[in-house]
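Only heavy atoms go into these numbers, but all of them, side chains included; no hydrogens, no water, no symmetry mates.
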Amino acid sequence: IDNSSNLTARIETPIDPELLNPLLSVLNETSLYDTWIPTWKRPFKLGIRECKPLHQTGRVAQIVKVVTDAPWPLKSREVVLDAVAIDDIE
């Protein structure tokens, strides 16, 4: 956690080199997240209601707003993500 109230997370995983470009392409299409990330309407609402790119800061870097539905007694949640992909091939 940095000095402000922002939370920083780093995810690191090995990826087959042949899958790197397809994976980055899918993750970069943020406006389509609600078409492939699971969402349930019954027996309760759970999933992405809205995913909207706010600003493209680089080829594989963008700021995205995601709104999710949650079942009662929880309320819907909204998060703004500053997502960046870094190729650290050694």
Side-chain angles (χ1 to χ4, degrees):
I1 298 178
D2 61 19
N3 294 342
S4 68
S5 62
N6 295 330
L7 177 66
T8 302
R10 175 181 173 162
I11 300 171
E12 192 172 319
T13 185
I15 298 173
D16 184 327
E18 294 178 7
L19 298 177
L20 181 60
N21 284 338
L23 177 64
L24 291 177
S25 296
V26 167
L27 293 177
N28 205 35
E29 293 289 341
T30 55
S31 60
L32 299 176
Y33 280 7
D34 60 347
T35 65
W36 63 271
I37 294 178
T39 299
W40 293 269
K41 301 289 183 202
R42 295 186 192 280
F44 49 79
K45 287 178 140 183
L46 179 64
I48 292 180
R49 179 191 312 164
E50 174 188 3
C51 190
K52 178 178 167 185
L54 300 177
H55 182 66
Q56 189 80 29
T57 57
R59 199 174 88 178
V60 287
Q62 59 185 309
I63 299 173
V64 182
K65 179 178 114 177
V66 180
V67 179
T68 60
D69 287 323
W72 182 89
L74 303 174
K75 294 186 178 186
S76 296
R77 298 288 189 242
E78 180 178 302
V79 64
V80 175
L81 304 170
D82 185 357
V84 179
I86 298 171
D87 183 356
D88 190 22
I89 296 175
E90 296 175 10

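For the salt bridge (Lys or Arg N to Asp or Glu O under 4.0 Å) test, no residue two or more places apart in sequence or in another chain qualifies with E18.
Transitive grouping of hydrophobic side chains (ILVMFWY, heavy atoms separated by less than 4.5 Å) brings V26 and I37 into a common cluster. Residues L81 and L54 do not share a hydrophobic cluster, defined by chaining ILVMFWY side chains whose heavy atoms lie under 4.5 Å apart. Under the 4.5 Å side-chain heavy-atom criterion for Ile, Leu, Val, Met, Phe, Trp and Tyr, L32 and L23 are members of distinct hydrophobic clusters.
Applying the ring pair (Phe, Tyr, Trp, His ring centres under 6.0 Å) test to every pair with at least one member in residues 5-35, sequence neighbours left out, gives these pairs: Y33-W36.
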Taking distance alone, no hydrogens or angles, what donor-acceptor pairs closer than 3.5 Å link side-chain atoms of residues 58-75 to residues at least two apart or in another chain?
from	atom 1	to	atom 2	distance (Å)
Q62	OE1	T30	OG1	3.3
Q62	NE2	N28	O	3.0
Q62	NE2	N28	OD1	2.8
D69	OD1	R49	NE	2.8
D69	OD1	R49	NH2	2.6
D69	OD1	S76	OG	3.4

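Scanning all heavy atoms of the two residues, the minimum distance from I48 to T39 falls at N-OG1, 3.6 Å.
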